[in-house]
There are 2 protein chains.
Amino acid sequence: MADLTDPQALAWASYQRMRVRLSGVLGRELAAATGLSEADFDVLVAVNERPDESVRSLALRCGLEWEKSRLSHQLRRMEQRGLITREACEEDSRGSAVRLTARGRELACEARKHYDAAVKRYVMDTLTPEQVTALAEISATLLDRIEVTHK
Amino acid sequence: MADLTDPQALAWASYQRMRVRLSGVLGRELAAATGLSEADFDVLVAVNERPDESVRSLALRCGLEWEKSRLSHQLRRMEQRGLITREACEEDSRGSAVRLTARGRELACEARKHYDAAVKRYVMDTLTPEQVTALAEISATLLDRIEVTHK
DNA sequence: CCAGATTAGTTGATGCATCAACCTTGACGT
DNA sequence: ACGTCAAGGTTGATGCATCAACTAATCTGG
């Protein structure tokens, strides 16, 4: 129950700084290249990866692990900008179905290319393969730890 | 210039998920324990760690690596909630100096304890020492990579 | 079949992050 | 000195994230 050791504190500080800077540059490059935010991007990709024409909000929400109000607000903004459309859902008339517009589909592909390239450039080409593996394992371990206590 | 490999894509997905969930639980626990946001916390700790009574906004900004308008907005909100006070700066009459209120100082200590304990619990006690070291190295490497191209 | 509980989704409010525009004050070259 | 320019900070606008309250449709037990 002791405090953090010095190396631990330094490791944490370094991680925090990296996390902030990295998502900063990735978000900025994405916005510069496509005009999309990361939230836009996540939604577009999630919808586009589906084989079906349209996706239920519910399915999106589960895939993204977002709160329902977050998704609702986000979809409203994206609809206003002409990236998606929303229509009634057949199976459940409470639900709604999301469909990409032509522009939405186009941007989804474009953005995916830019984003993956940036991840490659900033992360994958910078770390050794062993480090990439280590990062994956660390992430998986921490995720487990979180999910153990938070149901 | 190829795409991400499958393991790379999985590693990235895992990292992203961990990043979101971890800062989620840490932020939530901090808020539950103290009523502070992470932004509040960062500012309080940064001010409190100074030996001096009051700190210039400029110094804070550099330490936190925040934009000036971000800090200004944050300080306004914190002032309204009675965590800090702001006064004119002697050396440079453009500047402003920040001082913690009694409540601010108290919360800073309280929050630090809770936060460090949570980092220990979720991260340091979960990873092996080697993994902590690896994470620190990975973070430092990525930070270097980012700073090479940006600035 | 119906009453109560769940669930899908929306809405409004608030805090946080960023951008651009602005104001004041200090710095500097001439 | 003085004119110009840069720097410290504030403000307003917008988008994103979360919470709580709400509506409407579905499910479930009796």
Side-chain angles (χ1 to χ4, degrees), chain A residues 19-32 34-44 54-98, chain B residues 19-32 34-44 54-98:
Chain A
R19 175 177 78 78
V20 170
R21 303 283 259 114
L22 182 58
S23 62
V25 300
L26 292 179
R28 228 170 275 274
E29 294 205 0
L30 184 65
T34 65
L36 297 172
S37 68
E38 306 212 54
D40 296 331
F41 176 63
D42 290 342
V43 171
L44 286 185
S54 71
V55 186
R56 279 202 63 171
S57 280
L58 180 56
L60 264 180
R61 232 168 74 201
C62 295
L64 294 167
E65 299 187 292
W66 279 14
E67 308 230 344
K68 57 189 181 176
S69 75
R70 179 179 179 187
L71 183 58
S72 181
H73 286 303
Q74 183 67 36
L75 291 177
R76 174 179 45 73
R77 287 188 298 261
M78 293 178 73
E79 192 172 24
Q80 281 169 359
R81 284 180 296 151
L83 299 175
I84 61 157
T85 60
R86 281 189 286 184
E87 33 192 281
C89 176
E90 304 154 356
E91 319 132 39
D92 185 338
S93 34
R94 289 170 301 184
S96 80
V98 178
Chain B
R19 175 178 78 78
V20 170
R21 302 282 258 118
L22 182 58
S23 63
V25 300
L26 292 180
R28 227 168 276 274
E29 294 204 0
L30 184 65
T34 65
L36 297 173
S37 69
E38 306 212 52
D40 296 331
F41 176 63
D42 290 344
V43 170
L44 286 185
S54 71
V55 186
R56 280 202 60 172
S57 279
L58 179 55
L60 264 180
R61 230 167 76 200
C62 296
L64 293 167
E65 301 186 291
W66 280 16
E67 308 230 343
K68 57 188 181 179
S69 76
R70 178 180 179 186
L71 183 58
S72 181
H73 285 303
Q74 182 68 36
L75 291 177
R76 174 179 45 73
R77 287 188 300 260
M78 292 178 73
E79 192 173 24
Q80 281 169 0
R81 282 181 296 151
L83 300 175
I84 60 158
T85 60
R86 280 188 287 183
E87 33 193 280
C89 175
E90 304 155 358
E91 319 131 39
D92 185 337
S93 35
R94 291 171 297 185
S96 80
V98 178

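Just the heavy atoms: all of them, side chains too, but no hydrogens, waters or symmetry mates, feed the values below. The sequence lines fix the lettering, A, B, ..., with proteins before strands; numbering per chain opens at 1.
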A.B. asks: Would you classify Ser72(A) as touching base, sugar-phosphate or nothing, given that sugar-phosphate means primed atoms plus P, OP1 and OP2, and contacts are heavy atoms under 4.0 Å?
C.D. replies: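 Answer is base: heavy atoms of Ser72(A) come under 4.0 Å of a base.
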A.B. asks: Between dC19(C), dG8(D), dC19(D), which nucleotide gets closest to the side-chain atoms of Glu67(B)?
C.D. replies: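 Among dC19(C), dG8(D), dC19(D), the one nearest the side chain of Glu67(B) is dC19(C).
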A.B. asks: Would you kindly give the CH2-to-P distance between Trp66(A) and dT18(D), to the nearest whole Å?
C.D. replies: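 That distance rounds to 10 Å.
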A.B. asks: Taking only the side-chain heavy atoms of Arg28(A) (C-beta and beyond), determine which of dC16(C), dT18(D), dC19(C) contains the nearest atom.
C.D. replies: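 Nucleotide nearest to Arg28(A)'s side chain: dC19(C).
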A.B. asks: Output the rounded distance in Å from CG (Leu36(A)) to P (dC16(D)).
C.D. replies: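 Atom-to-atom, Leu36(A) to dC16(D), this comes out as 10 Å.
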A.B. asks: Between Arg56(A) and dG9(C), does any side-chain N or O lie under 4.0 Å from OP1 or OP2?
C.D. replies: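 True: Arg56(A) side-chain N/O within range (under 4.0 Å) of dG9(C) OP1/OP2.
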A.B. asks: Locate the shortest heavy-atom distance separating Glu38(B) from Ser23(B); write the atom from each residue and the value.
C.D. replies: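 Distance-wise, the nearest heavy atoms are OE2-O, 3.4 Å.
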A.B. asks: Please compare Arg70(B) and Glu90(A) by the position of their nearest nucleotide in DNA chain D and report the one closer to 5'.
C.D. replies: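 The residue mapped nearer the 5' terminus is Arg70(B).
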A.B. asks: Compare the minimum distances between each of dC16(C), dA8(C), dT11(D) and the side chain of Arg77(B), then state the nucleotide with the smallest one.
C.D. replies: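 Nearest nucleotide to the side chain: dC16(C).
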A.B. asks: Can you measure Leu30(A) atom CG to dA17(C) atom C1' for me and round it to whole angstrom units?
C.D. replies: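 Roughly 17 Å, once rounded to whole Å.
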A.B. asks: Between dT18(D) atom C1' and Glu29(B) atom CD, what is the distance in whole Å?
C.D. replies: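 To the nearest whole Å, that distance equals 17 Å.
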A.B. asks: Given atom CG of Leu58(B) and atom C1' of dG26(C), what is their separation to the nearest angstrom?
C.D. replies: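 For the pair Leu58(B) CG and dG26(C) C1', the rounded distance is 13 Å.
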A.B. asks: For Arg94(A) and dT7(C), is the shortest distance between a side-chain N/O and OP1 or OP2 below 4.0 Å?
C.D. replies: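 Negative; the distance criterion is not met.
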A.B. asks: Is a donor-acceptor pair below 3.5 Å formed from side chain His73(B) to base dG12(D), judging by atom type as modelled?
C.D. replies: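 Flag set: donor-acceptor pair detected.
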A.B. asks: Should Ser37(B) be listed as having a side-chain N or O under 4.0 Å from OP1 or OP2 of dC16(C)?
C.D. replies: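 Answer yes for this pair, as a side-chain N or O of Ser37(B) is under 4.0 Å from OP1 or OP2.
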A.B. asks: Just wondering, do Phe41(A) and Thr34(A) contact through their side chains at under 4.5 Å, heavy atoms?
C.D. replies: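 No, every pair of side-chain atoms sits at 4.5 Å or beyond.
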A.B. asks: Give a yes or no on whether Glu90(B) atom CD has more than 12 heavy-atom contacts from other residues, nucleotides or ligands under 6.0 Å away.
C.D. replies: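 No, CD of Glu90(B) has 12 or fewer neighbouring heavy atoms, counting only those of other groups under 6.0 Å.
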A.B. asks: Is a side-chain donor-acceptor pair under 3.5 Å present for Gln74(B) with Arg77(B)?
C.D. replies: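 Result is yes, a qualifying pair exists.
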A.B. asks: Assign Ser96(A) to base, sugar-phosphate, or nothing according to its heavy-atom contacts below 4.0 angstrom with the strands shown.
C.D. replies: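 Sugar-phosphate: the residue Ser96(A), judged by heavy atoms under 4.0 Å, touches backbone atoms but no base.
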A.B. asks: Rounding to an integer number of Å, can you tell me how far Lys68(A) NZ sits from dT7(C) C1'?
C.D. replies: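 Value for this atom pair: 7 Å.
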A.B. asks: If you take all heavy atoms of Ser57(B) and Leu75(B), which pair is closest and at what distance?
C.D. replies: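 Where Ser57(B) meets Leu75(B) most closely, the heavy atoms are OG-CD1, 3.7 Å.
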A.B. asks: Output the rounded distance in Å from CD (Glu79(A)) to P (dG9(C)).
C.D. replies: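 After rounding, the gap between these two atoms is 14 Å.
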A.B. asks: Within less than 4.0 Å of OP1 or OP2 of dA17(D), is there a side-chain N or O belonging to Ser69(A)?
C.D. replies: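 Looking at the OP1 and OP2 atoms of dA17(D), neither is under 4.0 Å from any side-chain N or O of Ser69(A).
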A.B. asks: Compare every heavy atom of Arg86(B) with every heavy atom of Val98(B), then report the nearest pair and how far apart it is.
C.D. replies: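 Closest pair (atom of Val98(B), atom of Arg86(B), distance): CG2-CG, 4.3 Å.
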A.B. asks: Between Arg61(B) and dG9(D), is there a side-chain N or O to OP1/OP2 distance below 4.0 Å?
C.D. replies: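 Checking dG9(D) against Arg61(B), a side-chain N or O does come within under 4.0 Å of OP1 or OP2.
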A.B. asks: Take the protein atom CG of Leu60(A) and the nucleotide atom P of dT10(C), then report the distance between them rounded to whole Å.
C.D. replies: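 Rounded to whole Å, this separation is 12 Å.
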A.B. asks: With nearest nucleotide decided by heavy atoms, which residue, Ala59(A) or Asp40(B), maps closer to the 5′ end of DNA chain C?
C.D. replies: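 Of the two residues, Ala59(A) wins.
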A.B. asks: Looking across every strand, which nucleic acid part, if any, lies under 4.0 Å from Asp42(B) by heavy atom: base, sugar-phosphate, or nothing?
C.D. replies: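 The answer is nothing, as Asp42(B) stays clear of every strand by at least 4.0 Å.
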A.B. asks: For Arg81(B) and Leu71(A), take the nucleotide of DNA chain C holding the closest heavy atom to each; which residue's nucleotide lies nearer the 5' end?
C.D. replies: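 Looking at the nearest nucleotide for each, Leu71(A) comes out on the 5' side.
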